[in-house]
Amino acid sequence: MKIFNPLQMNDCSIKKFLIIIFTLQLLFWGFISLDLMGLKIPILRQLSCFIYLSFVPGILILRVIRSHKLGCIENLLYSVGLSLSFLMFVGFFMNKLYPLMGIKRPISIIPLELTVSFIVLLLCCLCYLIDRDYSDSNYIYLNNAFSAYSLFLCLIPILTIIGTYFMNLYSNNSLLMIVIFLISLIIFLVCFDLIPESLYPLAIFIATFSLLFHNSLISKYLVGWDIQIEYYIANKVIENSLWDPNITSNLVTSNVNSVLSIVMLAPIYSTLLNLDLIWVFKIIYPAILSLMPLGMYIYFTKQTDSKIAFISTFFFISLVVFYTEMLQLARQQIAEYFFMLIVLLIVKDKHEMSNKILLIIFSFSLVVSHYGLSYIFLGIFAFSLLISFLCKKYFCNHFTNNTINLSFGIFFSVFLLSWYLYTSNFSTMSTIVIIIKNIVETLWSEFLNPNMSQGMYVITEQANTPLHVLAKVIHLLTQIAISIGLFNTLYNFISRKKSQFSIEYLFLSLSFYLLLILAIIIPNFANALNVSRLYHITLIFLAPYCIIGFTFSLEALPQILKLNIVANRNKLLKILCTFFALFLLFNTGWIYVLVGDSTTSFSLNSTNDYPIFNEKETTGKEWLYEVIDPTTYKDRYIYADNYRWLIFLNRFDKTLVRIFPSSPQNIIPSSYIYLSTYNIVKNEVLIYSKKGVNNVPNYVFNEYSINKTQIYDNGGAKIYIQ
């Protein structure tokens, strides 16, 4: 049995293609019109408009540039990437040009709906003129669609959503514990050949989606750090229906205000979907991020084989950073998606004109999505270019590459510098200069000092319990395996032994490996972005080397020990699946919760102290927002502890909010003091102490509200005035 494949509709006849596009266009107009007339149909507008905005512009652009026969997954990934680029740049030009035409609120529903629809219809005309003769319909074959294993996979995300509901309402983690255990079983089903290779992408997507949403759907409020400032900036755009690129109240706010992934993409989704901005960040962005590992699986497969590619991708999504920190960094979620697309294009065998156009678009999109990842990519690309030059000159001049070249590097650099000069007056460059200055000043005096290097601190930090010691050993083993796998691959490449790795991929891998080493040995380097995030970024390239390193070591071990054992590759992969299942269970906190050990997982343990806020705490913050006039609020501040101050960043300018000082006497008079449910119940506050560049959490007795005047109390939050 087969059905038409909508994900490859750019390959079908132009008539069928345009009928589908016009149908989605009418649904887009229809549901928005019904809402505006007061006839609201729950979910349908959000779902139909999300599909339209996230897929239709991209699939049209693919057809305009005559990009065909990409395969189901690549077609989906490129379509979504192009649609995101489309929304960001269309919003940018609307914001720039419409006020000159007398439209003072360009980022509002009517201008957005009309502009997006007009350009989509224009793209339809271009498709007909340019590509009307192409036709090669594709179908989905349903042979495995209703098998026991595919139904098992599809059950997991449903259980995830229900599990978060139970956790939010009843603090019951039972269903989420089952979900994480089921995700860990997926790798066994793959390694024991119970899931066919055709379902590997589905298995990856299900595991990724479930891991992301088992955290994202916890609490109906934003959780974490940077996401609060991102909400503040995006919400300003929605309130004004206009983006002001000149917000410069502080360096961090200015940097965040310079990226279209926050100031355009989030407001456009929120406005056209009629979806609260909080849920845009908690649902839409993680849904886009959940596609990223599919692209990684594709380019890992081009370097290895499908099974190693699957385990490599599973290793990447199992790292705790992916489904915790990434959810608190909306701009980096979008930027990493574009980064994945760039890598996918770099390692492609074909270098057609359409691929070059896509590479330019996604490179632009990476730049306007996240300054940090853009500068990292520029540095990595420059070093890869140097390796390429030396390799051609001295070692392997018989190899050529078409992507890592000086022209692309110059093009990327010029656009990067031009963009951030325009949007932030080089505040991002100021950040880079400060980082370099700090590194230079401490390079020799603090070299390999754990207190000045986050990477070294993480390696040398003592674990608290035997289980945490075991978890640390598992992490260190993966890093050792990456080193072994990379150097073994390089040896095979230099000695011209059989290797699937492309020269571009190897050059970029070496550059990312160097980045990982620098994060460990160089003072004041890793803390600029956070060492855990740096490690996560390097795994976008280095993950396969971990599996290669493990298999090489396990094959070599019998020879080293002089044992008469012949290592079988399939058996080795089955051993590895046990290791990486444990890796996931440790990273999610599943094992710690099971045995009653300490864990940082807020989705499995509601008693943990974490930047996650309840309704009463949020109500207290909103009350303070209503009584304060920020325009006259000078020399007075809002004080809270190291977690609780974050709740204010999504409503107040960061300059108005401060963390409790080491002594209550240092609080500025007439300021407000905020206590959360945790502070009230425990009668303690969290104050970070500095150990070089590392923050060490320290809970101390609450002296900050003593002899202060209480002005607000709702049972879960208290506010005092100094």
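Residue Phe166 places its CZ atom among 12 or fewer non-hydrogen atoms of other residues, nucleotides or ligands, all under 6.0 Å distant.
Considering NE2 of His370 and CD1 of Ile262, their distance stands at 9.0 Å, rounded to 0.5 Å. For the atom pair CG of Asn173 and CH2 of Trp590, the computed distance is 11.0 Å after rounding to the nearest 0.5 Å. Summarising the geometry, atom OG1 belonging to Thr313 is positioned 9.0 Å from atom CD1 belonging to Ile298; distances are rounded to the nearest 0.5 Å. Residue Leu373 holds its CG atom at 11.0 Å from CZ of Arg331, rounded to the nearest 0.5 Å.
Screening residues 602-615 for salt bridge (Lys or Arg N to Asp or Glu O under 4.0 Å), with sequence neighbours left out, gives Lys220-Glu615, Asp609-Arg644. Sequence neighbours left out, the pairs with a member in residues 186-213 that pass salt bridge (Lys or Arg N to Asp or Glu O under 4.0 Å) are Asp193-Lys307. Applying the salt bridge (Lys or Arg N to Asp or Glu O under 4.0 Å) test to every pair with at least one member in residues 575-588, sequence neighbours left out, gives no pairs at all.
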Residue pair Ser365, Tyr337: steps toward the side-chain hydrogen bond (donor to acceptor under 3.5 Å, both in side chains) verdict: CA-CA 10 Å; Ser365 302; Tyr337 187 86; over 6 Å; no
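Checked against a 6.0 Å centroid threshold, the rings of Tyr231 and Trp279 do not count as neighbours. Here the two rings, on His468 and Phe586, have centers that are 6.0 Å apart or farther.
Looking at heavy atoms from C-beta onward, Leu60 lies in side-chain contact with Val120 at the 4.5 angstrom threshold. Ile107 is not listed as a side-chain neighbour of Val263, based on a closest heavy-atom distance of 4.5 Å or more. With contacts defined as side-chain heavy-atom distances shorter than 4.5 Å, the pair Phe541/Phe300 does not qualify. Inter-residue side-chain proximity for Ile238 and Ser270 is flagged as met; some heavy-atom pair is nearer than 4.5 Å. Val259 places none of its side-chain heavy atoms less than 4.5 Å from the side chain of Ile334.
Using a distance-only test at 3.5 Å, with no hydrogens or angles considered, a donor-acceptor pair links the side chain of Thr551 to the main chain of Ile548. Between the side chain of Lys616 and the backbone N or O of Ser676 there is no donor-acceptor pair closer than 3.5 Å.
Listed by chain and number, the residues in a ring pair (Phe, Tyr, Trp, His ring centres under 6.0 Å) with Phe152 amount to none (sequence neighbours excluded). Shown here are the ring pair (Phe, Tyr, Trp, His ring centres under 6.0 Å) partners of Phe310, two or more places apart in sequence or in another chain: Tyr200.
In this structure, a donor-acceptor pair under 3.5 Å is present between the side chains of Asn10 and Asn75. The closest side-chain donor-acceptor pair between Tyr323 and Thr588, if any, does not fall under 3.5 angstrom. No side-chain donor from either of Asn605 and Thr599 sits under 3.5 Å from a side-chain acceptor of the other.
For the pair Lys16 and Phe4, the distance from NZ or CZ to the six-membered ring centre is under 6.0 Å and the angle to the ring normal is within 45 degrees.
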Mind listing the side-chain donor-acceptor pairs of residues 38-53 below 3.5 Å, one per line with the distance, residues two or more places apart or on another chain?
| from | atom 1 | to | atom 2 | distance (Å) |
| --- | --- | --- | --- | --- |
| Arg45 | NE | Leu272 | O | 3.1 |
| Arg45 | NH1 | Asp35 | OD2 | 2.8 |
| Arg45 | NH2 | Thr271 | O | 3.3 |
| Arg45 | NH2 | Leu272 | O | 3.0 |
| Gln46 | OE1 | Ile43 | N | 3.2 |
| Gln46 | NE2 | Leu273 | O | 2.8 |
| Gln46 | NE2 | Asn274 | O | 3.4 |
| Ser48 | OG | Leu44 | O | 2.8 |
| Ser48 | OG | Arg45 | O | 3.3 |
| Tyr52 | OH | Gln25 | OE1 | 2.5 |
| Tyr52 | OH | Gln25 | NE2 | 3.4 |

